[in-house]
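Letters A, B, ... mirror the listed sequences (proteins, then strands); counts begin at 1. Predicted model only: the values in this text are computed from it and were never measured.
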Protein chains: 2
Amino acid sequence: MSGMRGTLSRQGIVEAAMGLLDREGEAGFSMRKLARELGVDPMALYHRHASRRALMQEVMKALMLSCPLPDPSGDWRADVRGLCQGLRELAHRHPGSFRAYVVFEDWVPAEHLLHEELYATLLAAGFPARDAVRAVRLLLSYTESFAVDELTGWLEPLGPRELHALEASLAGGAFPAIAGLIETIASPDAEADFAFGLDVLLAGLGQVPRDAVPATGYQQPK
Amino acid sequence: MSGMRGTLSRQGIVEAAMGLLDREGEAGFSMRKLARELGVDPMALYHRHASRRALMQEVMKALMLSCPLPDPSGDWRADVRGLCQGLRELAHRHPGSFRAYVVFEDWVPAEHLLHEELYATLLAAGFPARDAVRAVRLLLSYTESFAVDELTGWLEPLGPRELHALEASLAGGAFPAIAGLIETIASPDAEADFAFGLDVLLAGLGQVPRDAVPATGYQQPK
DNA sequence: ACCTGAACACCGTTCAAGT
DNA sequence: ACCTGAACACCGTTCAAGT
């Protein structure tokens, strides 16, 4: 892209933007920096994308189009787990873009690919419409929050400096519960913690809809 | 604050910053605009707060200090619900600051007040340390995500323009599950949806830790 | 001790001009 | 048709100067 003479393809700009975002984070991203990397005048970008926001939408689209979507297995719980895990892997592959995606206030049709799989899985498992919509919101916001926490470093063991800062903030004894949990807080385990959350959600989803009586005749998924 | 001659108290700046943030959102906030509102030179602010980031930390502190913390009732589920509901109300009261808080990458000791209540509640309910820490992460990220979605408007019924945009994005029939759920997606109910998610989490939390072996870590229940 | 104001190195974006 | 470059209205922050 960078060396191509006079040619700034729409897609080339989007890929470069995604790379810059992933390398430097949203705070480190700017249209001017992107243009510098591509070796063009900043305004050349505006010929292909009307604004920074429009370009961001294209980046989000590219991001969501590259979200892994494992094939259905027949077991809805396994499928839900796989789809959430795929989204989490996307976050690991594209940390800056993923973070920007989660914070971004617009939606983008490319999200439909993942949503469709989740909805289809839950509907096939017998969830009534309302519960399926709520469950998907729950699963996505869990996975997105968890992944963003990972990217921020909140699921890595605390270093001595961070541990000391935490201990210092507890001085005075006003927070006995936190103080008693300090070793646990200091030693998270991203894989096990993520699995725990999914298990809680799946267990809860298997229980709660029982009392909902939808028009369509709901069977509790087992 | 604005008219006080020559006096810029630390707290006055923080309150004005919180107000500006809530009124205009993070994108609409700047040190210069804040100074303009306070009727001082932008650099006067730096005399009290070393940087925008430091000021933001003070805003986050003030925000978390004003989080409602309902008294314990003896029923851990009710207490968890109340604490999450309090956090959600904080978001409604301080939309811009809350959003900034969720996106903010630093933590602030004032968060301990809410965390302590949640940890104490769960520990008293018999949760082992590891599960309590995981549960608190789960409950907080659920509530924060939900509240941010509310602030973004994703829990208000879709207007005709938005509905049309969604329908247009489904043209071609590639997303039958979404298409079938369109009316449900278009008519969320913030109160009921929030309660549903809490019910799922509480039901799941009541199930999952039972099989966990506290000392060694988590084993997946079947 | 506290506030000011010029200055620096940035932003996103508009617009007229170049090829 | 596509790119450029000056310009505008912003940023956060440094630093020397004022009171």
Exercise. Kindly state whether the ring of His115(B) and the ring of Trp107(B) have centres lying under 6.0 angstrom apart.
Key: no

Practice problem: Report yes if a side-chain nitrogen or oxygen of Arg10(A) is closer than 4.0 Å to either non-bridging phosphate oxygen (OP1 or OP2) of dC2(D); otherwise report no. | Solution: no

Practice problem: Return the nearest nucleotide to the side chain of Ser51(B); candidates are dT13(D), dC3(D), dG12(C). | Solution: dT13(D)

Self-check item: For dC11(C), the Watson-Crick or wobble counterpart (both distances under 3.5 Å)
Solution: none

Quiz item: Quick check, are the ring centers of Phe196(A) and Phe146(A) under 6.0 angstrom apart?
Solution: no

Practice problem: Please state how far atom OH in Tyr46(A) lies from atom P in dA17(C), giving the value in whole angstrom units. | Solution: 22 Å

Quiz item: Does a side chain donor of either Ser97(B) or Asp22(B) reach within less than 3.5 Å of an acceptor in the other side chain?
Solution: yes

Quiz item: Counting only Watson-Crick or G-U wobble pairs whose two distances fall under 3.5 Å, which nucleotide matches dC2(C)?
Solution: dG18(D)

Practice problem: May I ask you to check whether Phe98(A) and Phe104(A) place their ring centres under 6.0 Å from each other? | Solution: no

Self-check item: Nucleotide dC10(D), atom P - distance to CD of Glu24(B) in whole Å
Solution: 13 Å

Quiz item: Would you call the rings of Trp76(B) and Phe127(B) parallel, tilted or perpendicular, where under 30° means parallel and over 60° means perpendicular?
Solution: perpendicular

Practice problem: Whole angstrom is fine here: how far is it from CZ in Phe29(A) over to C1' in dG12(C)? | Solution: 11 Å

Practice problem: Rounded to the nearest angstrom, tell me the gap between atom CG in Leu34(A) and atom C1' in dC11(C). | Solution: 14 Å

Practice problem: Rounded to the nearest angstrom, tell me the gap between atom CG in Leu45(A) and atom C1' in dC11(C). | Solution: 14 Å

Self-check item: Arg36(B) side-chain N/O to dC10(D) phosphate OP1/OP2 under 4.0 Å
Solution: no

Quiz prompt | Asp41(A) CG to dA17(C) C1', straight-line distance once rounded to whole Å | solution = 12 Å

Exercise. Round to a whole Å and report the spacing from CZ of Arg32(A) to C1' of dA6(D).
Key: 11 Å

Exercise. Would you kindly give the NZ-to-C1' distance between Lys33(A) and dG12(C), to the nearest whole Å?
Key: 14 Å

Quiz prompt | Candidates dC3(D), dC3(C), dG12(C) - which lies nearest the side chain of His47(A) | solution = dC3(D)

Quiz item: Any idea which of dC11(C), dC11(D), dT4(D) is nearest the Val40(A) side chain?
Solution: dT4(D)

Self-check item: Met43(A) or Pro42(B), whichever maps to the more 5' nucleotide of DNA chain C
Solution: Pro42(B)

